[in-house]
Protein chains: 2
Amino acid sequence: MSHEASHEVPNGAVTFIAVPSGGVPEPGKTLAYTNVDTINLETIPLNGGILVKAVIASPDPGQRAMMTPETPESKESMYPPFSPGKPIRGFSILQVLRSELEGVHVGDHIHAYVPLQNYVVLPNLNNGAVIESFNKDAQILWTAWVGVLGMPGQTAWIAWQEYSKAKKGEVAFVSSAAGPVGSLVVQLAKRDGLKVIASAGSPEKLAWLEELGADVVFNYKTENTLEVLKKEGPINVYWDNVGGETLSAALDAAAVGARFIECGMISTFTEGFVPVPNLWMIIPKCISLNGFIVTTHYPRYLTEFYKTVPALIASGELKYAETVYKGGFAEFDEAFIALLSGKTGNGKVVVVV
Amino acid sequence: MSHEASHEVPNGAVTFIAVPSGGVPEPGKTLAYTNVDTINLETIPLNGGILVKAVIASPDPGQRAMMTPETPESKESMYPPFSPGKPIRGFSILQVLRSELEGVHVGDHIHAYVPLQNYVVLPNLNNGAVIESFNKDAQILWTAWVGVLGMPGQTAWIAWQEYSKAKKGEVAFVSSAAGPVGSLVVQLAKRDGLKVIASAGSPEKLAWLEELGADVVFNYKTENTLEVLKKEGPINVYWDNVGGETLSAALDAAAVGARFIECGMISTFTEGFVPVPNLWMIIPKCISLNGFIVTTHYPRYLTEFYKTVPALIASGELKYAETVYKGGFAEFDEAFIALLSGKTGNGKVVVVV
């Protein structure tokens, strides 16, 4: 065994096994924590890039959309399907171990979309950012930086600015509102002076949404969404995290000129396709449906986000919640399944590596 | 019989009989030309408004959407359902017989949305316009003013400006392209430097679309829309006149960031609801679906439209076609049924009263 080889360390990863047969994966059948290879942290070449270690990993509903069969077309998409046998990817907080990249220093924390592996060499930050300077003295827990200050919070803050065209006195409806995206949307809508209707799936989540200022909260599992919206609407802005029947109800209860912010249609994966027979209503009601991927808006908004939102979190003006798994990558599968099943607490599900 | 009564004249109207049972009405079962009442043209009070006579009537697909059951909600909508026993409404060219309205003179031609009746008293122009001054010496046939220069042309021109965000070199797909809206969209897209794919339902229509400059034309009845779009796309702008399966194909063949201009979903009425199972694609592909009613954009665009488009028609830079029914209101039912069946020629179906 050579001297160099003695410095090789195992480099565990959250590995994609196979496309799940149902909407929610079964434990151990889609994801597994495996030692795919080893790495020599001192000698691995950086070629102008950086070597980082994983600090916080983030299970996100969007990852389910990448657990689909690979096709020639899907491979071309912005977020292509995961490849069986390889690490899945996700937004993460990483700490820099070595750097040949300008502006990135050893010890810096960064937010980036990377393979979920203990150690990764990155050629550049891609769409990521060094967040060290926005979190002086680490006053905000690093876990928040994949949640309210990471991709989910960026999604809420950026798309609300880009698409809501919110006017004081209007009515907003937020589905899946106790999640990390929805819970920030609720607060942003209140700050803009809207009446906010928020739905979630448990009494604990509804109680939290009331704390956040939602005017009307309801449990979509026990109440009829359309009836609530007809009574409390019509709605001017719909923040859609789910699609399907809820989208259909929102179209029915929409005001003329309503803006629909299409953040996710998780029901397509967890419940299968549910038709939207009143889609035609977008015409007489002059509704816009806006699909988006937040990272495409980073060039215009990300710097402003980091300059604005962390301060509002630090001061307590904006609130967040999180469900923390402390078992590292070995618990990622469990956390991801809990997330898709809606069986987690309020806010963001995070995994501390 | 009094002297006044001797001046009463019959005032025939296109009357709504009943909601059609199928998508396309049966002759005489939904619309009939009837003498609903009489009118005294000299003495009827105007109360500050105008008395007009119908010159050109316009069967439009949008009227089918108003041949639905009246409900408390639908009565509140911008274009409520027609009431059985009463005249239907439509965009029309009218000539002024008497006027108490400032800026409107006897003999003026106006474009307005009115009940389809030989004589009508209007309190104001509502969303209409005096078009006399835009058509000096009547150089453009008045029939064109309900087509390429009426609501359909305004729809094409205004929504293309508002929603297309067209960039030279992009690809546009226009369905139902040989109609009065689509045929102008094809030309506007070419003027903006796009590659244009256009679909229609007959060889004659396809030949005309080629004359208008479409780069790719295909018969949606004999060719597979998705295959054509995959070969000639991906598409950046989709002008949707039909909805259903065609919309689904357009989503499949859309480029990231595509803009869908949702002008109509006539398939919902003529073929019944066809699900759009890939609606979720608007998220990963960052697609916007923009429903609209053109009249809501009149305040911003209508004056510019009348200042710009008639000159382009008069000079021949923009082309149009029309299928003219010369039998007056008595032929409206026949013209409307032919329109919905796609059995008319190129361009706009008009009825000369």
Side-chain angles (χ1 to χ4, degrees), chain A residues 61-62 65-66 68 73-74 76-81 159 162-163 230 234 240-244 247-248 251-269 272-297, chain B residues 61-62 65-66 68 73-74 76-81 159 162-163 230 234 240-244 247-248 251-269 272-297:
Chain A
M66 290 173 257
T68 51
E73 276 186 347
S74 65
E76 298 293 312
S77 71
M78 215 178 305
Y79 289 89
E162 177 75 15
Y163 301 113
K230 289 217 164 178
D240 190 7
N241 282 315
V242 296
L247 172 55
S248 195
L251 286 165
D252 254 343
V256 168
R259 291 78 66 193
F260 280 35
I261 305 176
E262 294 298 325
C263 180
M265 294 193 184
I266 193 66
S267 66
T268 304
F269 294 101
F273 169 66
V274 177
V276 182
N278 58 347
L279 183 62
W280 60 270
M281 284 186 181
I282 68 173
I283 299 172
K285 290 190 177 188
C286 308
I287 295 170
S288 65
L289 260 62
N290 301 284
F292 70 99
I293 293 177
V294 66
T295 51
T296 64
H297 293 295
Chain B
M66 289 174 258
T68 51
E73 275 186 350
S74 65
E76 299 293 312
S77 71
M78 215 179 305
Y79 290 89
E162 176 75 14
Y163 300 113
K230 288 218 164 179
D240 189 6
N241 281 316
V242 296
L247 172 56
S248 195
L251 285 165
D252 253 341
V256 169
R259 289 79 65 194
F260 281 35
I261 306 176
E262 294 299 325
C263 180
M265 294 194 182
I266 193 66
S267 68
T268 304
F269 293 101
F273 169 65
V274 177
V276 182
N278 59 348
L279 183 62
W280 60 270
M281 283 187 180
I282 68 173
I283 298 172
K285 291 190 176 188
C286 308
I287 295 171
S288 65
L289 260 62
N290 302 283
F292 70 99
I293 293 177
V294 67
T295 51
T296 64
H297 292 296

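Note: hydrogens, waters and symmetry copies are ignored here, and every other heavy atom, side chains too, is used. Within every chain, numbering begins at 1; the chains are lettered A, B, ... in the order of the sequence lines, protein sequences first and strands thereafter.
Only the backbone of A:I287 comes within less than 4.5 Å of a heavy atom of chain B; no side-chain atom from C-beta onward does. The contact between A:V276 and chain B is made by backbone and side chain atoms together, counting heavy-atom distances below 4.5 Å.
A distance of 8.0 Å separates OG in B:S288 from OH in A:Y163, rounded to the nearest 0.5 Å. Atoms CD1 and CD1, from A:I283 and B:I261 in turn, are 12.0 Å apart once rounded to the nearest 0.5 Å. A:N290 CG to B:N290 CG: the interatomic distance, rounded to the nearest 0.5 Å, is 7.0 Å.
Chosen from A:L279, A:V256, A:N278, the residue pairing most often with chain B at heavy-atom distances under 4.5 Å is A:L279.
In terms of heavy-atom proximity, A:I293 sits nearest to B:C286 at N-SG, 3.4 Å.
Considering only heavy atoms from C-beta on, B:I282 comes within 4.5 Å of A:M265 through its side chain.
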